[in-house]
Amino acid sequence: MSEPNAVPLIVVSTARDAGEALNGALRRAGQPVHCTWIPALRDLGDALPQINPELLILVGSTAAELTPVIGVRDQLAPTVPVLLLAPAVDEALIAAALQRGARDVVTLGNSARLTAVVLRELEVFRTQQALNSTRKSASDARSQLDVVLQRSNDAIAQVQEGIVIEANPAWHELYGVEDGIAGQPVMDLFEESTHAALRGALAACQQGRWSDHVLRANALLTDGTVLPLEITLALGEHEGEPCVRLVVPARPRAEEYVFQAPAAVAAVAVTRPEPAAGLMRRPELLEALAERLATPAAGGMRCVALVRIDKFAALERVIGITASEDVLAEVARLLKDTLHPKEVAGRFGGVRFLALLERGNEHDISAWSERVVSRVQRHVMNVNDKSVSVTCTIGLSVVSPAHPSLDAVVQDAIECARRGAARGGNQSVSSDRADTDSRVMSYDKVWVKHIKAALMENRFRLVQQPIASLQGEDPGMFDVLVRMIDHQGKEVLPSEFMAAASRNDLMKNIDRWVVGASLSFAAQKKPECLFVRLSRESARDSAFLEWLDNHLRNSRAEPRRLCFQITEESAASHVSEVQALAGALRERKFRFALDGFGSGRNSTGMLESVPLDFVKIDGTLVQGLAADHQLQQRVRLLVEAARKHGVQTVAERVEDANTMAVLWQVGVQYIQGYFVNEPEEVVLRAER
């Protein structure tokens, strides 16, 4: 019986002895073989397809004897190597054999060379077989991919170096073209506001750093339509060269809303839904708002914004009722582009839209409203051969974290919008603040008691928010946030108690708890870097460094693992104190950062004034970045200034893939925010 792993060989020889000698020599070398003896050439044709040998050996004395054997081999098994086994060998015989198609000439007299040549040819044969199989698989896969591309309901385009090299019929149908779009720059297919995010996403994907993120883009169709799309990107290959595959998943046409050019309005008038650009209708909106407000916010603050288009009745008289609906739809699209994917928004009725914003602080809310007012005012729409533009008024009402009332907060936003419209519109109005009245004093009195009790009873704990790199591996960096634990064991967010702590000189106490807990965590877990906030009060506290030195010795933490951060606003207001603090901390091998970088009047000047390791780009700049070219240029200049000073950049409050893609383009090194991860994992609860 033949061994299962024995290599099949064919030996063409008039005598059986040569085959047995070959078999013995190769087995002694550790390579079991199964030699099939073929005494006559006429039997070789039948043996080759039946045996499927990995090597064919002709026993002969001249190269001329190879010709008929190789002729049969070429017809039936052209990849099988052929050796000539001769009584003796010289250079002339080897050259003649190679010319006729043999791989080499060997003798039984030199068993070491015989074995080496046979093993070499077997390895070459197997490698070639594997390569051929791989090529066939690749060819089959490419053929299958071509079939998938052609038959897929998903719209698919492949891009190399910014040029569309291939698009399937579904993509052509989506764009309304018949002749194809191969050879066109991919940017020509999208609205300019999309370009920065798309360029960043393409670059990230080409470097293998784009995961399953969804990119939001506005397509420019051939009929003048602007179509919002959600695109996935994947690294692919076309004709042996890498490419990026853009995929728009198929969806029922009735689910889409398109801002149509005038000529296309009649064609879709029957099937298009209410012009809300994907926003909710009023019943769904109110239900979603109530459900969201019933759940505590994960962080930051909530605000209801009512957006109302100014003087819409006059516009209707000029362009007509039907065309005015398209204006409403376009304003809805502009509004949606400014919102985070998780924020709730919809058509509130008439010419009003309602959104529940979830942002970091009041400064973020104010920046958003100013951006929306400006963007709507600047946007020009072509309707019925007329170029029209509108303005809007926004009413803002902050949601109380303690007792959120949907009716009360929406009514408050409506009243703010009414006041803004009465003043002429094109502005945002916030509900009146009462920070100095008796209600705030009463509010503070309660919270001061809770804060002091929590400090005494050690009812604070830290949570972490990972910071992700846009350039390489996980940097092992985290932003440290603090939570208070109430008597029922529930978390209390900083937005509920920090303002009261600041007004009542308790920030230094909270800072010291956070720094002490962070030192303990750094000593135990050894993260690469923890970003720890210091308040304005701690930055000006002359006793802070002595306190820090004592705790550093007790904790045995490595100072390089902590990066203290202070807001740019505080640093600008107290430059000399912050300079001294930053210098002293860096002397102790701690790192130092500015938070909210870019929010002040002289941000780049702070790079000269304060010794820094990092700057964190202000979240209000980051959150409006994806569709604002001027903002992108501003952030690019901040990043370039930081790079010149050897300061690394972190972008705060990154909420979606489009923003991440733009940050990639402008050169930001790290990002943090809910797009990376929510600050949920508890990293430490200090022991009393």
Side-chain angles (χ1 to χ4, degrees), residues 157-163 185-187 189-218 229-236 242-247 337-338 340-341 465-477 479 529 531 593 597-598 614-644 646-677:
Q158 302 199 93
V159 179
Q160 277 182 349
E161 298 181 355
I163 303 298
V186 68
M187 295 301 165
L189 306 178
F190 295 92
E191 217 177 24
E192 186 177 358
S193 62
T194 299
H195 290 180
L198 183 56
R199 277 194 295 266
L202 288 170
C205 192
Q206 287 167 351
Q207 297 174 35
R209 296 179 184 170
W210 188 267
S211 300
D212 297 327
H213 309 310
V214 175
L215 190 76
R216 293 190 295 172
N218 295 326
L229 300 177
E230 292 187 347
I231 303 174
T232 59
L233 291 82
L235 196 60
C243 70
V244 175
R245 188 173 301 123
L246 307 182
V247 180
D337 286 346
T338 68
H340 299 162
Q465 184 169 50
I467 296 174
S469 172
L470 291 181
Q471 299 180 325
E473 299 299 322
D474 179 7
M477 302 196 306
D479 200 30
C529 186
F531 285 84
F597 184 65
F614 296 90
V615 289
K616 288 191 169 183
I617 298 171
D618 188 51
T620 58
L621 302 180
V622 173
Q623 291 185 333
L625 193 66
D628 192 323
H629 178 73
Q630 292 181 344
L631 211 54
Q632 292 162 16
Q633 186 61 24
R634 182 177 172 187
V635 172
R636 190 187 302 275
L637 292 174
L638 291 173
V639 172
E640 290 174 354
R643 186 184 298 116
K644 288 179 182 177
V647 177
Q648 299 185 76
T649 50
V650 183
E652 301 178 304
R653 302 178 200 157
V654 179
E655 305 289 348
D656 55 64
N658 284 51
T659 301
M660 182 187 72
V662 174
L663 291 167
W664 206 302
Q665 275 292 99
V666 300
V668 169
Q669 293 157 292
Y670 302 99
I671 60 173
Q672 69 179 85
Y674 278 51
F675 182 71
V676 178
N677 199 43

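Hydrogens, waters and symmetry mates are skipped; everything else that's a heavy atom, side chains included, is used.
- F531 is not listed as a side-chain neighbour of Q672, based on a closest heavy-atom distance of 4.5 Å or more.
- The shortest heavy-atom contact between V639 and V666 is CG1-O, 3.6 Å.
- A distance of 9.5 Å separates CD in Q160 from CD in Q206, rounded to the nearest 0.5 Å.
- Residues L215 and W210 have side chains in contact (heavy-atom distance under 4.5 Å, counting atoms from C-beta outward).
- Rounded to the nearest 0.5 angstrom, D628 CG and R634 CZ are separated by 10.0 Å.
- Going from atom CG of L202 over to atom CD of E161 covers 12.0 Å, rounded to the nearest 0.5 Å.
- Side-chain contact check for L631 versus V622: every heavy-atom pair is 4.5 Å or farther apart.
- Closest approach of H213 and A657 over heavy atoms only: CB-CB, 3.5 Å.
- Here the CG atom belonging to L246 is positioned 6.0 Å from the CZ atom belonging to F190, to the nearest 0.5 angstrom.
- Contact record, Q632 with A627: NE2-N, 4.2 Å, taken as the closest heavy-atom pair.
- In this structure, the side chain of R209 engages the main chain of Q471 through a donor-acceptor pair within 3.5 Å.
- Applying side-chain contact (heavy atoms from CB on, under 4.5 Å) to V654 and the options V662, L663, V668 leaves one that passes, L663.
- For the pair N658 (side chain) and R216 (backbone), a donor-acceptor distance under 3.5 Å is present.
- Of the possible polar contacts, one joining the T194 side chain to the N218 backbone as a donor-acceptor pair under 3.5 Å is found.
- Nearest heavy atoms, V244 versus C205: CG1-SG, 3.9 Å.
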*Could you go step by step and tell me if K616 and D479 meet the side chain to side chain contact (heavy atoms under 4.5 Å, CB included) rule?*
CA-CA 11 Å; K616 288 191 169 183; D479 200 30; 2.9 Å; yes
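- Of all the heavy atoms in M660 and I671, the pair that sits closest is CG-CD1, 3.8 Å.
- With sequence neighbours left out, D337 forms a salt bridge (Lys or Arg N to Asp or Glu O under 4.0 Å) with R333, R375.
- Using a 4.5 Å cut-off on side-chain heavy atoms (C-beta onward), L638 and L621 make contact.
- If you take CD1 on I163 and CE on M187, they are separated by 10.0 Å, rounding to the nearest 0.5 Å.
- Under the 6.0 Å cut-off for aromatic ring centres, F597 and F614 do not qualify, their centroids lying 6.0 Å or more apart.
- In this structure, the side chains of Q207 and W664 come closer than 4.5 Å at one or more pairs of heavy atoms.
- Checked by atom type, the side-chain pair R245/Q158 shows a donor-acceptor distance below 3.5 Å.
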_Intermediate values then yes/no, side chain to side chain contact (heavy atoms under 4.5 Å, CB included), Q669 and L470_ = CA-CA 5 Å; Q669 293 157 292; L470 291 181; over 6 Å; no
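- For A197 against A661, the heavy-atom pair with the smallest separation is O-CB, 3.1 Å.
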*Audit row: V635, I617, side chain to side chain contact (heavy atoms under 4.5 Å, CB included) steps and yes/no*: CA-CA 8 Å; V635 172; I617 298 171; 4.0 Å; yes
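- With rounding to the nearest 0.5 Å, the separation of CD in E655 from CD in Q623 is 5.5 Å.
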